[in-house]
Amino acid sequence: MEPSKAPQPFLSPYNSIDNEPRIRALWEDSKYANPDVCIEKGVTASDAEPYTIVLPPPNVTGTLHMGHAAMLAIEDILIRYQRMRGKKTLWVPGTDSAAIATQSKVEGDIYKKEKLSRHDLGRDELMKRIDAFTEESKNTIIEQVQRMGSSLDWSRYAYTMDAPRYNAVMTAFVRMYEAGLIYRGNRIVNWDPKLQTTVSDEEIEHVEQKDPFYYFQYGPFVIGTVRPETKFGDKYVVVHPDDERYAEYSHGQQLELEWINGPIVATVIKDEAANMETGTGAMTITPAHSAIDFEIAQRHKLDVEQVIDERGILLPIAGEFAGQHIKKARSMIVAKLHEKGLVVKIDESYTHNVSTNSRGGGTIEPQIKLQWFVGVNKEFTIPHSEIPGIQSGSKTTLKEVMRAAVASGATKINPERFEKIYFHWIENLRDWCISRQIWFGHRIPVWYKGDEIYCGTEAPEGEGWEQDHDTLDTWFSSGLWTFSTLGWPDKTPDLETFHPTSVLETGYDIIFFWVARMILMSGFHLGQVPFKQVYLHGLVRDGQGRKMSKSLGNIIDPLTMIEKYGADATRLSLIIGAQPGNDLKLDENRVRGYKHFANKLWNITRFVLENADASSLTATLTDADKALVAEAKELAQTVSGNIDTFRLDLAGDAVYHYVWDRFAAQIIEETKPVLKLYEGEEKASKQRMLYEILILSLKLLHPFMPFVTEAIWQELPEKETDLLMVAKWPVQPTGASSI
RNA sequence: GCACCCUUAGCUCAGUUGGUAGAGCAAUUCAUUUACACUGAAAAGGUCGCAGGUUCGAGUCCUGCAGGGUGCACCA
């Protein structure tokens with residue numbers, strides 16, 4: 001960008017609009033965000049301790065929202081603080097392809113304009129359209145990320161679908177396949193009939209819904225269901241072995257009874273999965289369309305018959321209802337059962353939860369399908385492990401690796417309560433379905449020819465091989481992110497230096513999707529944890545605590561806030577008052593308040609510079625002024641301590657109050673008469689004291705409000721470094737324990 | 001159903017080994033050229049959700065309850 005002309009210094013009031021682009025250009029030209037440049041220029045020692053954060057990549061086709069803004073503010077504070085403390089500091093930027101969301105957006109646009117589906121276009125053409133769309137929109141999000149003042153090293157930018165990352169994903173798949181951890185099998189999966197793809201357990205959202213609950217006569221039994229449309233194939237009736245009501249029936253006993261489309265032979269199954277308390281205690285099962293029923297069927301080796309197809313249409317097994325959509329068929333089936341006198345009772349006010357695809361899809365219909373899975377309970381030999389509790393060369397499972405990473409403390413989760421949630425999730429973890437029936441994404445690196453299967457990063461030699469049509473769950477590639485961004489599978493210097501990363505900072509809503517998968521992937525492929533610390537921030541809500549959404553019209557746009565109040569004020573409003581892991585209610589008045597603070601600092605500087613400059617630093621301090629400087633240094637300790645423990649809210653609050661209430665309201669006010677009335681040593685001491693405290697305040701505030709502090713730094717007559725961004729933090733780390 | 005979190009001033013929230021209740025915003029009154037009106041000062045505002053317990057002492061620790069929220073499970 002063109003740096004605009006420097007404005008007349010200290011015009012009142014402080015103008016963020018003019019200053020921010022100019023300051024941004026200074027930072028970008030300096031390339032100080034790149035740790036290699038810092039070492040080259042002597043800002044960072046070549047043997048300094050590394051400090052790494054990998055940015056959770058925003059969706060390449062998205063726009064910046066307040067959640068992103070909070071994430072960027074937090075991470076930039078940590079990064080700027082550590083850089084000033086002299087660490088070899090790297091913050092890696094990137095964007096995510098967000099496979100399902102992006103494809104459905106592009107498909108939707110094409111359908112709207114051209115009335116064409118992806119099948120009309122074909123795979124290659126759709127890919128071209130998606131590539132064009134992502135390429136076009138990627139600069140929007142990148143520009144918006146930069147406007148927050150984020151000191152990311154753009155020379156290391158990564159995109160989940162770029163060539164190095166694609167290669168990393170292929171390599172990861174092949175290695176896990178070879179270790180026997182990735183397998184293909186017929187399992188019951190979450191099928192989204194709307195998007196025509198599988199969905200992982202974590203992507204399911206349970207939505208409460210009210211539906212009629214039907215009681216039907218099933219031979220001598222009365223069974224309950226909300227889904228009559230699945231009942232055609234039900235030829236097993238399951239009761240609990242201890243249920244005395246059904247003691248007269250034995251396991252495996254066959255009964256002839258009248259059912260929807262005529263007489264059938266039903267088999268009695270005794271299984272503890274039947275809940276005696278629910279309904280009548282008797283249920284029929286539909287193994288092809290229910291995870292629990294499928295498990296029961298497997299236990300007793302029962303027949304499994306598909307009733308509903310991939311689009312939600314009833315199959316020939318439904319007899320006269322075949323070809324009907326399940327939604328329409330339900331009432332027709334009930335009507336028929338009614339005619340036959342098999343409806344015992346209908347409970348109209350039954351509430352239950354329905355599984356939906358949280359990624360904008362439809363109601364989940366469990367289906368049995370041939371899919372690819374990552375086996376989390378399968379034993380494998382881990383060649384190399386740095387994770388405490390997992391020995392190199394020992395036999396272990398992915399689940400155990402994930403557990404050990406956190407249980408050993410190698411990865412700490414803050415706030416701590418999320419560790420409990422993490423362990424609970426691990427215990428209940430089932431194999432991860434990783435294949436998706438969409439086209440945009442990393443294609444499964446497996447080829448078939450007759451009965452032969454080949455898995456490799458490149459297509460096999462020879463004719464007649466056909467590649468698997470499916471792509472990988474987007475979280476499969478995201479799981480590699482901490483190391484695929486650093487050049488893995490090559491053994492790069494970056495990977496050597498910066499992995500495991502120091503902190504992963506993200507919203508608590510994706511702990512399972514992403515945090516857990518990164519621990520899995522890093523554990524398997526590197527024998528390392530991906531990060532030493534997880535810091536989870538809350539969600540940003542509106543002033544009344546509601547989620548921000550388009551339909552409520554309560555979205556506060558970070559870019560609007562930046563334009564009205566400046567990026568510094570926007571950042572502070574997202575930091576102060578936001579405790580770790582708790583949601584933040586954002587009120588525009590607060591943003592305005594912090595704009596006032598930026599202006600206050602601007603005016604403080606004007607006063608100090610009118611009365612003192614760097615030459616004052618040679619003056620001798622009186623004892624009273626020494627005490628004032630010492631007090632400011634104590635504040636620096638407090639701020640450092642709070643940042644080290646992720647209490648950025650307390651750190652920001654402490655320095656805010658010091659600068660406004662202590663420095664401006666008291667120290668400066670008390671200085672005024674001395675500056676006016678006295679000459680000589682006492683005055684010189686005051687001048688030096690003011691200047692020192694100003695420098696200290698600028699440094700302490702820089703991570704929080706980088707723009708205004710850097711703008712002021714540029715106007716200082718003499719300064720220790722060309723940019724405040726790389727000035728020395730006033731207190732040095734107190735021990736090796738800090739991260 | 002199981003688990004976790006929250007409940008402190010009108011609103012949003014601090015309160016880190018238990019020791020006299022704090023801030024920001026809003027509202028009230030006053031000051032008016034000051035480094036600053038994107039300012040300053042004053043005053044007001046709270047039986048810290050409720051009930052017990054431990055303690056010399058509880059916003060803080062323990063138990064129970066209520067209200068609000070979240071995660072997991074549940075298509076019987």
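Here is the naming used below: chain letters follow the sequence lines, and residue numbers restart at 1 for every chain.
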In this structure, how many angstroms lie between the [atom2] atom of [N] and the [atom1] atom of [X], rounded?
| X | N | atom1 | atom2 | answer |
| --- | --- | --- | --- | --- |
| A/His424 | B/U70 | NE2 | P | 18 Å |
| A/Phe607 | B/U39 | CZ | P | 18 Å |
| A/Asp201 | B/A73 | CG | C1' | 12 Å |
| A/Phe423 | B/C72 | CZ | P | 18 Å |
| A/Arg430 | B/C74 | CZ | C1' | 12 Å |
| A/Trp425 | B/A73 | CH2 | P | 11 Å |
| A/Phe513 | B/G71 | CZ | P | 11 Å |
| A/Glu205 | B/C74 | CD | P | 15 Å |

Does [X] reach a base, just sugar-phosphate, or nothing at all? Heavy atoms under 4.0 Å.
| X | value |
| --- | --- |
| A/Leu584 | nothing |
| A/Ser290 | nothing |
| A/Ala665 | nothing |
| A/Val226 | sugar-phosphate |
| A/Ala282 | nothing |
| A/Phe213 | sugar-phosphate |
| A/Glu669 | base |
| A/Ile668 | base |

Gap in Å between the two [atom1] atoms, one belonging to [N] and one to [M], rounded:
| N | M | atom1 | result |
| --- | --- | --- | --- |
| B/C25 | B/U60 | P | 29 Å |
| B/C30 | B/U17 | C1' | 45 Å |
| B/A35 | B/A41 | P | 15 Å |
| B/G46 | B/G22 | C1' | 11 Å |
| B/G24 | B/G67 | P | 35 Å |
| B/G52 | B/G69 | C1' | 26 Å |
| B/A3 | B/G10 | P | 35 Å |
| B/A51 | B/C56 | C1' | 23 Å |

Within 6.0 angstrom of [X] [atom1], more than 12 heavy atoms from elsewhere:
| X | atom1 | value |
| --- | --- | --- |
| A/Arg245 | CZ | yes |
| A/Arg311 | CZ | no |
| A/Glu244 | CD | no |
| A/His338 | NE2 | no |

Would you kindly check whether a donor in the side chain of A/Lys600 faces an acceptor in the base of B/C36, or vice versa, at under 3.5 angstrom?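 It does, because a donor-acceptor pair links the side chain of A/Lys600 to the base of B/C36 below 3.5 Å.
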Using only modelled atom types and a 3.5 angstrom limit, is any donor from either the side chain of A/Lys420 or the base of B/A3 paired with an acceptor on the other?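 Donor-acceptor pair under 3.5 Å: no.
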Taking the nucleotide of RNA chain B with the closest heavy atom to each, which residue, A/His289 or A/Ile204, is nearer the 5' end?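 Residue closer to the 5' terminus by nearest nucleotide: A/Ile204.
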Under a 4.0 Å N-O cut-off, is there an ion pair linking A/Glu365 with A/Arg227?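 A salt bridge is present here (some side-chain N lies under 4.0 Å from a carboxylate O).
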Measuring from the side chain of A/Lys595 (C-beta onward, heavy atoms only), which nucleotide among B/C38, B/A35, B/C75 has the closest atom?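 The answer is B/C38, which lies nearest to the side chain.
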Between B/A35, B/C75, B/U39, which nucleotide has the shortest distance from any of its atoms to the side chain of A/Ile292?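 It is B/C75.
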Name the atoms and distances for all side-chain donor-acceptor pairs under 3.5 Å in residues 213-224 of chain A, with sequence neighbours left out.
unit_1, atom_1, unit_2, atom_2, d
A/Gln217, NE2, A/Gly219, O, 3.0
A/Gln217, NE2, A/Phe221, O, 3.2
A/Tyr218, OH, A/Asp234, O, 2.6

Read 5' to 3' with Watson-Crick or G-U pairs under 3.5 Å, [ ] for crossing pairs and | for partners on another strand, RNA chain B gives (((((((..((((.....[..))))..((((.......))))......(((((..]....))))))))))))....
OP1, OP2 of B/C38 versus side-chain N and O of A/Trp660: anything below 4.0 Å?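 Looking at the OP1 and OP2 atoms of B/C38, neither is under 4.0 Å from any side-chain N or O of A/Trp660.
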Counting only side-chain N and O atoms of A/His206, is one of them less than 4.0 Å from OP1 or OP2 of B/A73?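 For B/A73, OP1/OP2 do have a side-chain N/O of A/His206 under 4.0 Å.
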Is it the case that the side chain of [X] and the backbone of [Y] share a donor-acceptor pair, with hydrogens and angles ignored and the cut-off at 3.5 Å?
| X | Y | value |
| --- | --- | --- |
| A/His300 | A/Leu302 | no |
| A/Gln367 | A/Ile308 | yes |
| A/Ser290 | A/Thr286 | no |
| A/Tyr422 | A/Met402 | yes |

Are there any protein N/O atoms within less than 3.5 Å of an N/O atom in nucleotides 16-25 of chain B, and if so, which ones and at what distance?
unit_1, atom_1, unit_2, atom_2, d
B/A23, O2', A/His657, NE2, 2.9

Between A/Lys600 and A/Phe663, is NZ or CZ placed under 6.0 angstrom from the six-membered ring centre and within 45° of the ring axis?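 Judged by the rule, A/Lys600 and A/Phe663 form no cation-pi pair.
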Could you measure the distance from the CG atom of A/Leu698 to the CG atom of A/Leu716? Nearest 0.5 Å is fine.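 Nearest 0.5 Å value for the CG-CG distance: 6.5 Å.
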